[in-house]
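Beneath this line is the structure, given in structure tokens, with notes to follow.
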Amino acid sequence: MTELTKTAFQPRPGQARVLAYERGRMGVAAVPGSGKTATLSYLAARLVARADLADDQEVLIVTLVRSAVGNFAASMARFLRDEFKLPPGLGYRVVTLHSLANDIVRGRPALAGLADDFSVLDERDSDDLLRDAATAYWRTHSDLFDPYLAPEHQAKQHIRDRYLPDLLVDVASAFIRKAKDEQYDERRLRRAYEASERPLPLLEACLRVYESYERGLRYRGAVDFQDLIRLALHVLEQDADYLQRLRRRYPYLLEDEAQDSSALQEQILRKLVGDDGNWVRVGDPNQAIFETFTTASPEFLRRFLTEDGVQPCELPESGRCMPSIIDLANHLIDWTMNAHPIPAVRARQPLTTPHIKLTPPNDPQPNPPDDPTRVFLSARAFAPAEEREAVIDSLKRWLETPESAQQTAAVLTPLNYSGAEMVKALKAAGIPYVENLKSTTGARAVVGSLTILLQYLLAPDDPRRLAKVYEVWRRDERNDRDAAEQTAQVAALLRQIERVEDFLAPTERDWLHSGSVPDDEALSDHLGAFRAWVNDWTRALDLPIDQLILTLANSLFVQQAELATAYNAASYLARFAALHPHSRLPDWVEELLEIAKGNRKFSASGDEEDAFDPNQHKGKVAVTTIHKAKGLEWDRVYLISVSNYDFPSADSFDSFISDKWYLRDKLNLQAEALAQLEALIHAREYAEGAASADARYDYAAERLRLLYVGITRARRELIITWNTGSRPTAQNSEARPLAALRGWWESRQRSHHHNGGRS
């Protein structure tokens, strides 16, 4: 390894063992902050430089998301240029699994049953198509969930109207993902179901939605992302010559984020590697936090690490966190393995070793100096608003310190909703912030304004909606106290109009001069300008929806960021209208409302894979979910809402987000539908309720890993709080793992103090 130590990349002991790889299969269990991206990209660059590759061969690097592709490509280019004196861009390829699958299928589309010019629906469009299929089924089967409703909710129509249609979408979505992961298209599944003659009502409903969804895909000549994976494996299984050519082209396969691999993804990579190929898998099973939303599982990587012929390695050294935070994260692993209730009922451990180790002396990224006083685990039962106030008071004190201008800080939340509430509180307190949520409050505000304008078009004779439009018209003046007072006064006048047409299109009677408005020339001119604007805008109603949105935006917004957001909203609705040719203004308004509420993935820039760099926001407070914080780090981290609702432990008194209050027996209908699917295709018995119980344990395990991820985002300071929640029927309590960590931490600190700081 002497050649490595002479380079700018100075490997730690664990990294050096990985970089000694030459051929065969290797599995690498990494810890947070261990530099796995740098290690894997350096290994790839080293293979490009030193392996005996032919001109038509490449090292293939497969990663999880598009943003990681750019990071890998940039890192490899730097290593090849600076370390190995080679031009970047040659001898390797960095792809996501989906883009690799797309290339495989496009190489043999006929074998996959597709036309040469097939298209791939993005996630947003496939979600819309699924919702249409589920809605169509619901119209004729609105009694589907009656057997699952709690007795006291059986006769409540508003539950059927408000909650159950969305529940069907969620259940069918999980069902279709699982069916495709099991390589069952809707026709094969229909044949199996009819042959079984088993009464599986949830499966029957989901299968009907599946069939309708697939008809929609075929009508568009399209496939979805899950199809790409399924069909890529099918192509590799059917064309041995094509597979051999791919194996020759990619003699080395390096896989990142392997803890998030699914069964189908693993099978594709196994096919590409072959029995005697070269495959390096790197990941951290303790950071598998996407199981709830996908068919991924960390068990695939864990099993790989113990396979015959696989060389297991660890990347345990991390320079990210100060020692006390590392000790806290390691104790969470130990407590989970030895004291948490999940291992007693589940064969799989939620968290496992390796422990995180400190970096060795003279490491280029040493651990921050230790200061146990910078770790605070709150025992107080805050109300949600009180918790936000406490965080804001703490941040104000931090911002007054000289070092804050050169440091980073973040508030990490379990849910987008709590993140949005935190942003509102920070904004009201005048604290500089930046958000990295599903959609930003700035984007939601722009979309919300456009929604108000379109809602008025739905009822142009409604004076209350006209008053709201006026408030939007003056939105840029809301921070001026005098202007805000005038806005409120004028809006009150507009709400009192008896006939809106007397204001907007007066003939015999002009409301402006009827005595209802104070005799003020400036006010009359002001309202006249507003009237002209509304009339111009109303005349644009016949334009296509995207042009209508842009027309409204150009007359309402002046800031470039706002106009960019409006442009992307217009593009979003244009795609929606093309996908739903019978949709009209009420449907478009509903879509914008979902964005404004934060229920739709929507980016102001149009790129939902924008990389977030905490170091670009020093002296500000980042607000993001723990899920989106994965891979990132801050000097100071607040973990909020660490209660038994957001981080349940499967105790009998824990409430789960997946629990629907209107269903009986704490049934999880997504889990029950998947259990019925598995019972059919694997010839198993189905017992109602067993899958719901298992799903609770799986969810609790994932939330333990989420807490571990949250803790390991903090470099120098960590503050953890919890709240009692806002549910009227029950109060949250402190999450069991937080209580265990706090008890251990306080005992350790007392011992440390008693021993004069020598513990």
Side-chain angles (χ1 to χ4, degrees), residues 12 31-35 316-335 355-380 382 387 390-412 431 614-615 617-624 626 629 632-640 642 707-722 734 737-759:
R12 297 164 182 157
V31 303
S34 59
E317 302 97 357
S318 172
R320 172 181 292 165
C321 310
M322 73 170 179
S324 287
I325 294 174
I326 288 178
D327 290 344
L328 198 69
N330 286 338
H331 183 73
L332 182 60
I333 293 174
D334 293 337
W335 176 80
H355 290 122
I356 306 172
K357 294 181 180 180
L358 300 178
T359 56
N362 303 317
D363 190 87
Q365 186 196 7
N367 298 91
D370 198 30
D371 184 354
T373 65
R374 300 298 181 99
V375 173
F376 178 69
L377 310 180
S378 175
R380 179 176 170 182
F382 288 103
E387 183 182 37
V391 170
I392 285 172
D393 289 342
S394 175
L395 283 167
K396 285 179 177 177
R397 293 191 295 272
W398 174 72
L399 287 167
E400 291 173 355
T401 63
E403 63 267 21
S404 66
Q406 298 303 317
Q407 291 188 354
T408 57
V411 179
L412 307 184
I431 291 178
N615 288 318
H617 307 287
K618 293 179 179 179
K620 293 183 178 181
V621 181
V623 180
T624 189
I626 307 176
L632 305 177
E633 61 186 57
W634 291 266
D635 294 301
R636 185 181 183 94
V637 165
Y638 295 82
L639 287 181
I640 68 171
V642 185
L707 179 59
Y708 176 82
V709 168
I711 289 170
T712 54
R713 300 310 95 191
R715 299 192 69 243
R716 303 171 186 274
E717 299 179 85
L718 175 66
I719 301 97
I720 306 181
T721 59
W722 64 280
E734 183 180 19
L738 175 56
L741 287 177
R742 185 169 52 77
W744 172 80
W745 181 257
E746 291 173 353
S747 174
R748 184 178 114 145
Q749 294 308 103
R750 285 193 299 269
S751 175
H752 183 81
H753 179 73
H754 179 74
N755 292 326
R758 295 188 300 275
S759 64

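Since this is a predicted model, take the numbers as computed values, not measurements.
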Item checked: Y638 side chain near L395 side chain, heavy-atom distance below 4.5 Å -> yes

Margin query: One thing to verify: whether E746 and R742 come together as a salt bridge, which I'm taking to mean a side-chain N less than 4.0 angstrom from a carboxylate O.
Written below: yes

Check: Of all heavy-atom pairs between S318 and T359, which one has the smallest distance, and what is that distance?
Finding: C-CG2, 3.4 Å

Next item on the list: Would you check if the side chain of R713 reaches a backbone N or O of L632 as a donor-acceptor pair within less than 3.5 Å?
Entry: yes

Checklist line | Interatomic spacing from CD1 in I640 to CG in L412 - rounded to 0.5 Å | finding: 9.0 Å

Next item on the list: Drop me the distance from I720's CD1 to F376's CZ, to the nearest 0.5 angstrom.
Entry: 10.5 Å

Check: For T401, what residues pass the side-chain contact (heavy atoms from CB on, under 4.5 Å) criterion, not counting sequence neighbours?
Finding: W398, E403, S404

Margin query: Can you give me the closest heavy-atom contact between A379 and W722, atom names plus distance?
Written below: O-NE1, 3.6 Å

Margin query: Please give me the minimum heavy-atom distance between C321 and T712, naming the atom from each residue.
Written below: SG-O, 3.9 Å

Next item on the list: Show your working on side chain to side chain contact (heavy atoms under 4.5 Å, CB included) between I392 and K396 and close with a plain yes or no.
Entry: CA-CA 6 Å; I392 285 172; K396 285 179 177 177; 3.8 Å; yes

Notebook entry, point to check: Who passes side-chain hydrogen bond (donor to acceptor under 3.5 Å, both in side chains) against R715, sequence neighbours left out?
Noted result: E633, D635

Checklist line | Distance, nearest 0.5 Å, that separates CG of L332 from CH2 of W744 | finding: 10.5 Å

Check: By salt bridge (charged side-chain N to carboxylate O under 4.0 Å, His left out), which residues pair with E387, not counting sequence neighbours?
Finding: none

Next item on the list: Indicate the atoms forming the closest heavy-atom contact of S378 with L738, along with that distance.
Entry: O-CD2, 4.5 Å

Notebook entry, point to check: Can you list the residues that meet the side-chain contact (heavy atoms from CB on, under 4.5 Å) rule with S324, with sequence neighbours excluded?
Noted result: M322, D370, P372, V375, W745, R748

Item checked: Minimum heavy-atom distance between I325 and A714, given as atom pair plus value -> CD1-O, 3.6 Å

Check: Under the side-chain contact (heavy atoms from CB on, under 4.5 Å) test, which residues partner N615, sequence neighbours left out?
Finding: T408, D613, K618

Note to self: For T373, give me all partners under side-chain hydrogen bond (donor to acceptor under 3.5 Å, both in side chains), at least two apart in sequence or on another chain.
What the structure shows: D371

Note to self: Which residues pass the salt bridge (charged side-chain N to carboxylate O under 4.0 Å, His left out) test with D363, not counting sequence neighbours?
What the structure shows: R12

Note to self: Within the 4.5 Å heavy-atom criterion, are R380 and T721 side-chain neighbours or not?
What the structure shows: no

Margin query: Could you report the tightest heavy-atom contact between I711 and L639, atom names first, then the distance?
Written below: N-CD1, 3.8 Å

Check: Given the rule in the side-chain hydrogen bond (donor to acceptor under 3.5 Å, both in side chains) test, do R636 and S394 qualify, once you have shown the distances and angles that lead to the verdict?
Finding: CA-CA 11 Å; R636 185 181 183 94; S394 175; 3.0 Å; yes

Margin query: Quick check: do H355 and V31 have side-chain heavy atoms less than 4.5 Å from each other?
Written below: no

Item checked: Validation row: I719, V637 side chains within 4.5 angstrom (heavy atoms) -> no

Notebook entry, point to check: Which residues satisfy the side-chain hydrogen bond (donor to acceptor under 3.5 Å, both in side chains) test with Y708, sequence neighbours excluded?
Noted result: none

Next item on the list: List in chain and number order the residues that pass side-chain contact (heavy atoms from CB on, under 4.5 Å) with L358, two or more places apart in sequence or in another chain; answer none if no residue qualifies.
Entry: P323, I326, N367

Notebook entry, point to check: When rounded to the nearest 0.5 angstrom, what distance separates CG in D393 from CZ in R397?
Noted result: 6.0 Å

